**Student:** 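Can you keep this structure in mind? I'll have questions shortly.
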Amino acid sequence: MNQKQFTQAADVLTAALARAVDEALVDDLTLSLAHVKFLAGAHSEALQLFQQAAKGLARRLGADDVEVRRCLYYAAECRMELGETTAAVAAFGDYVQHAPDEDDEDAVDRHLEALAQIMRLEAGAERFAQARASAITLRSATRRYRGLHAPELADIDGFIERLRRFE
């Protein structure tokens, strides 16, 4: 996969998955295959695999496990890539309902990115009031996780100001 040989990586993972019997191994291989499909641009297949991996991992590790949450994030990304705006907004919205572990920088980054995606998707769909509300939520979360002087705050403030012209 690191050499961008997605087809070969998918073939190897699919073959291994067909032989796997251990539940944990099936979940891990499914998740790996989902990532390969995502990176290869096969978002419809990746979506199904991320959802399948999330179910298996949740069964074993609990719905709040970090890997389950990561699967849900990437499933939302797949929906966005597929042009499913309403479904993507709902999926990202579900994802951000759980606050990230503040000590996990990747989880915080995904949380803030999910909030930003909601804001962008709402604006792109010309739902400006919802986009503004999402931007305000993103601003609040950015202040909480990045501090009062986070450089992103100026960009968010500019976005909020531009949205006022459309309301």
Side-chain angles (χ1 to χ4, degrees), residues 1-2 27-28 30-58 61-167:
M1 190 168 86
N2 290 337
D27 293 340
D28 289 344
T30 300
L31 183 55
S32 294
L33 184 56
H35 282 293
V36 168
K37 295 290 186 174
F38 182 84
L39 291 172
H43 297 107
S44 183
E45 294 173 63
L47 172 60
Q48 293 174 357
L49 291 164
F50 280 123
Q51 290 173 328
Q52 182 181 339
K55 286 179 187 173
L57 291 166
L61 306 172
D64 291 335
D65 181 78
V66 66
E67 288 301 318
V68 175
R69 305 292 311 142
R70 192 179 327 231
C71 286
L72 297 176
Y73 173 82
Y74 280 106
E77 286 278 334
C78 288
R79 290 197 180 283
M80 183 183 70
E81 292 294 333
L82 291 167
E84 299 175 4
T85 301
T86 301
V89 168
F92 281 124
D94 289 344
Y95 176 79
V96 298
Q97 292 304 309
H98 292 82
D101 176 356
E102 293 185 32
D103 296 327
D104 183 344
E105 191 66 28
D106 290 337
V108 170
D109 288 345
R110 276 191 308 277
H111 185 81
L112 294 174
E113 182 58 27
L115 289 170
Q117 293 293 19
I118 292 169
M119 177 187 73
R120 290 182 201 113
L121 289 165
E122 294 287 22
E126 298 184 359
R127 295 187 292 246
F128 300 118
Q130 292 92 326
R132 186 171 184 279
S134 298
I136 291 168
T137 301
L138 173 60
R139 187 180 199 296
S140 174
T142 301
R143 283 184 64 176
R144 180 172 51 249
Y145 297 120
R146 299 285 189 244
L148 296 174
H149 303 291
E152 303 93 335
L153 292 173
D155 292 335
I156 297 166
D157 288 340
F159 190 82
I160 292 169
E161 189 58 38
R162 285 188 300 279
L163 284 172
R164 287 192 178 123
R165 289 183 280 170
F166 297 105
E167 290 181 357

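Because the structure is a prediction, the values reported are computed rather than measured. Count residues from 1 along the sequence.
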**Student:** Supply the atom-to-atom distance L112 CG to E152 CD, rounded to the nearest 0.5 angstrom.
**Tutor:** 7.5 Å
**Student:** With a 3.5 Å cut-off and sequence neighbours excluded, list the donor-acceptor pairs that the side chains of residues 126-134 form with protein atoms.
**Tutor:**
unit_1	atom_1	unit_2	atom_2	d
R127	NE	E122	OE1	2.4
R127	NH2	E122	OE1	3.0
S134	OG	Q130	O	2.9

**Student:** List the atom of V68, the atom of A58, and the distance in Å for their closest heavy-atom pair.
**Tutor:**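 Scanning both residues completely, I find the closest heavy atoms to be CG2-N, 3.5 Å.
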**Student:** Looking at every heavy atom in both A125 and T85, which two are closest together, and how far apart are they?
**Tutor:**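 For A125 and T85, the tightest heavy-atom pair comes out as CB-CG2, 4.2 Å.
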**Student:** Would the distance check show the side chain of H35 and the main-chain N or O of L33 forming a donor-acceptor pair, the cut-off being under 3.5 Å?
**Tutor:** no
**Student:** Can you tell me how far apart CG (L138) and CD (Q117) are? Round to the nearest 0.5 Å.
**Tutor:**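 Those atoms lie 10.5 Å apart.
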**Student:** Can a donor-acceptor pair be found, under 3.5 Å and without considering hydrogens, that links the side chain of Q97 to the backbone of G93?
**Tutor:**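 Yes.
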**Student:** Once rounded to the nearest 0.5 Å, what's the spacing between atom CD of E77 and atom CG of L82?
**Tutor:** 11.0 Å
**Student:** Do the side chains of V108 and R146 get nearer than 4.5 Å, heavy atoms only?
**Tutor:**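 Counting from C-beta outward, R146 and V108 do come under 4.5 Å.
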**Student:** Consider only side-chain N and O atoms of Q48 and Q52, and report whether a donor and an acceptor are under 3.5 Å apart.
**Tutor:** no
**Student:** Less than 4.5 Å apart, any side-chain heavy atom of T30 and any of F50?
**Tutor:** no
**Student:** Do NZ/NE/NH1/NH2 and the carboxylate oxygens of R164 and E161 come within less than 4.0 Å?
**Tutor:** yes
**Student:** Closest approach of I156 and T142, non-hydrogen atoms and distance?
**Tutor:** CD1-OG1, 3.6 Å
**Student:** Test your reading of the model: is there a side-chain donor-acceptor pair from R69 to the backbone of Y95, 3.5 Å cut-off?
**Tutor:**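 Pair found, side chain donor or acceptor close to backbone of Y95.
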**Student:** Taking all heavy atoms of D27 and all of L57, pick out the closest pair and write down the distance.
**Tutor:** OD2-N, 3.7 Å
**Student:** How far apart are the closest heavy atoms of L153 and G147, and which atoms are they?
**Tutor:**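 That would be CD1-O, 3.7 Å.
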**Student:** Determine the minimum heavy-atom distance between I160 and A135, stating which atoms define it.
**Tutor:**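 Taking every non-hydrogen atom into account, CG1-CB, 3.5 Å.
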**Student:** Out of curiosity, D28 CG to E67 CD, how far, rounded to the nearest 0.5 Å?
**Tutor:** 8.0 Å
**Student:** To the nearest 0.5 angstrom, please state how far the OH atom of Y145 sits from the CD atom of E105.
**Tutor:**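 Taking OH in Y145 and CD in E105, the distance rounds to 11.5 Å.
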**Student:** Can you tell me how far CE of M80 sits from CZ of R120, rounded to the nearest 0.5 angstrom?
**Tutor:**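 Those atoms lie 8.0 Å apart.
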**Student:** Do D104 and V66 come within less than 4.5 Å of each other through their side chains, counting heavy atoms only?
**Tutor:** yes
